[in-house]
Amino acid sequence: MPSLSSLLPFGKKPKPDAAPPKTDAAARSFEKIQEFSRGLVTIQDIIAPEAIEVDFTYQKINSTYTRTLFVAGYPRSVPANWLSPLINFPHQMHVSMFIFPVDSGEVLDNLKRKITEMEAEIQSDLRSGKISNINTEVKLEDARFIREELAKGSERFYQFGLYVTVTAQSLDELNRVTKSIQSSLGSLLIVSKNATLQMDEGFKTTLPMGVDKLLVTRNMDTTSLATTFPFTSSELTMESGIMYGINEHNDSLVIFDRFQMENANMIIFAKSGAGKSYMVKLEILRQLMFGVEVIVLDPEHEYEDLSQAVGGEYLNFTFSSKARINPFDLSNIYEEGENELGQKIISLHGLLKVMLGEMTPQQDALLDRALVAAYKAKGITPDPATQTLEPPLMEDVYKALIGMENEDANNIAARLEKFITGSFRGIFDQASNFSITNQLTVFSVKEMEEGLRPIAMYIILDFIWTRVKKKLKKRILVIDEAWYFMKSKDSASFIYSMVKRARKYYLGITTITQDVEDFVSNEYGKAIISNASIQFLMKQSTASIPVLAETFYLSQGERQLLVTADVGEGIFFAGQNHVALRVVASPEEHGIITTNPEEILQKNRQKAATRAAEVASEPEKARPTQESLASSIDDYKPPSE
């Protein structure tokens, strides 16, 4: 019932209902928005090509030609990794695989009917006195095997489609690449065909949309499908680092930064003439360009030309050389929790055992006492503040042993005497008179006697290690012919301790050897291998293969590769990755680092010929003219008697 106030003429009037929506105005506004949007540039407009031309056997998008191939026929059996030639093909292309599961019950029914038909065909031929068709017998055998596996549940059934889209900048290049791909697939008994009149659908099939618009499939069981696993390409490329060579699997570049690994240590195994020194010199050249300091221990005089070419420092240790090293030098660096003097004395124990031979426990204790006394006589104690004083010399240890007046001490002193006052005097008993300041420093011991060479290498390594600890800097230490150190337990232990602690001082140690058996059979040698993040195995003798196969878990193919490898080829291990590597240098690099005797002889002849030409041309250049002769006649003085 309406209220009284609403009925009275002077009463309060109710508010009128809301006006109905203006549908016509809203529709017109929406049309205007649509019209405005059509005039804007969308993402589709930006990414869309300017033009697409679809022909019978190719498609042209802008200036790029594409062609899609589908695989129509497969061989009866394929090995694992059979798609490797396609995955590693050296040209840009898109490969798509489509896998569709199929109901096993339906497949079993079809197989049952097919087996019945083939058996009937064979029986019919036999009744007619004919030889049964061999293709039918093979198909029957395969069908029975697949039926049995499906019934057991050990296999499942799928439909598999394989498509390849090739891209090129010209039609001729497209035809050439297409033939090359079809030839590679044909060598595997795989039949590939052009998607004629379906190039547009084929191109869309290989786009990352997951839609198969061609639907050219082949029935496969689980085992067969597993062999199509596409990730068979081994690549080893970082965003930073140096180029070590070319990946022989797919011709990609192996660019690697050893300092990004857990440690920067590297070990190289190769027989004589396999190219190990060539590879190391090439790495040194390229590391120098990135500011890395390189120190080389060269027992065979192989790095002198490289040192001269880059302006390095070459130190040849002989009796007559001016450079001297005091093995008693300290690093003068204090590290929390470490006893620098104690570590140096332990290192000197190893050195003196290499120099003097085996000792009894009593002699070892006396030697330790003499070493402590020699440092103490110079005022050096475990207190780091005293370790900046002048260190002792070998002669001070000799005097300390003589002063003990003990038979064992006299025995040690007698063995040490030849290095102090005897025939080996002047090499190891003087103060150090140089420091490592050059970016490339090479220590050569080739001219040392064979018996002194391991001692000199040990002292040089100890000297390098002491200098490395003084200043943190990115460095590489190359130890060539490392099997020298494996002869002695003490020197092998010293190398192992360096390798184990090198990462702490930003040092990468490259260990090179050709004596694989001795190195691997040594407990310290195995430890050095396990502490190297990078291993490079080059050409090996047949006798070394079993040892390497056991140590590095090589496959049969990798063993064969190491036996048949050419010079400069091998297997490059970096952590869990490994590739077949071919070392490649530019002509300029090759001229500096080559170790081929024939090339070195030819280079020396060219230098001699150039020098002879310069000498022959000097008289002509120095011959005075008439004017110069007249002007200098008054200044002429006869040579003094």
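Judged as a salt bridge (Lys or Arg N to Asp or Glu O under 4.0 Å), the pairs with a partner in residues 278-294 (not counting sequence neighbours) are, in order, R258-E283, R286-E589, E293-K473, E293-R475.
Residue T386 comes nearest to G379 through the heavy atom pair CB-O, 3.3 Å, listed as atom of the first residue, atom of the second, then distance. Taking both residues in full, the closest heavy atoms of L288 and V292 are given as CD2-O, 3.6 Å, listed atom of the first, atom of the second, then distance. The shortest non-hydrogen separation linking G568 to M538 is CA-CE, 3.7 Å. I529 and Q535 make their closest contact through O-NE2, 3.4 Å (heavy atoms, listed as atom of the first residue, atom of the second, distance).
For the residue pair Y278/T594, the side-chain donor-acceptor check at 3.5 Å is not satisfied. Side-chain atoms of T466 and D329 form no donor-acceptor pair, as typed in the model, at a separation below 3.5 Å. Using modelled atom types, one finds a donor on one side chain and an acceptor on the other under 3.5 Å when comparing H578 with E558. Side-chain contact of D396 with Y375: a donor-acceptor pair under 3.5 Å is absent, judged by distance alone. Side chains of E304 and S444: no donor on one and acceptor on the other come within 3.5 Å.
For the ring pair (Phe, Tyr, Trp, His ring centres under 6.0 Å) criterion with F573, the lone passing option out of F256, F552, F536 is F552.
For W465, the ring pair (Phe, Tyr, Trp, His ring centres under 6.0 Å) partners two or more places apart in sequence, or in a different chain, are Y505.
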(request) Check the pair F519, F269 against ring-ring contact (aromatic ring centres under 6.0 Å, His included), reporting the backbone distance first and the verdict last. (result) CA-CA 10 Å; F519 202 91; F269 287 127; 5.6 Å; yes
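Taking 4.0 Å as the cut-off between side-chain N and carboxylate O, D462 and K344 count as a salt-bridged pair.
I459 places none of its side-chain heavy atoms less than 4.5 Å from the side chain of F443.
Counting heavy-atom neighbours within 6.0 Å of E390 CD, excluding the residue itself, gives a total of 12 or less.
The cationic group of K474 lies under 6.0 Å from the six-membered ring centre of F259 and within 45° of the ring axis, placing it in a cation-pi geometry.
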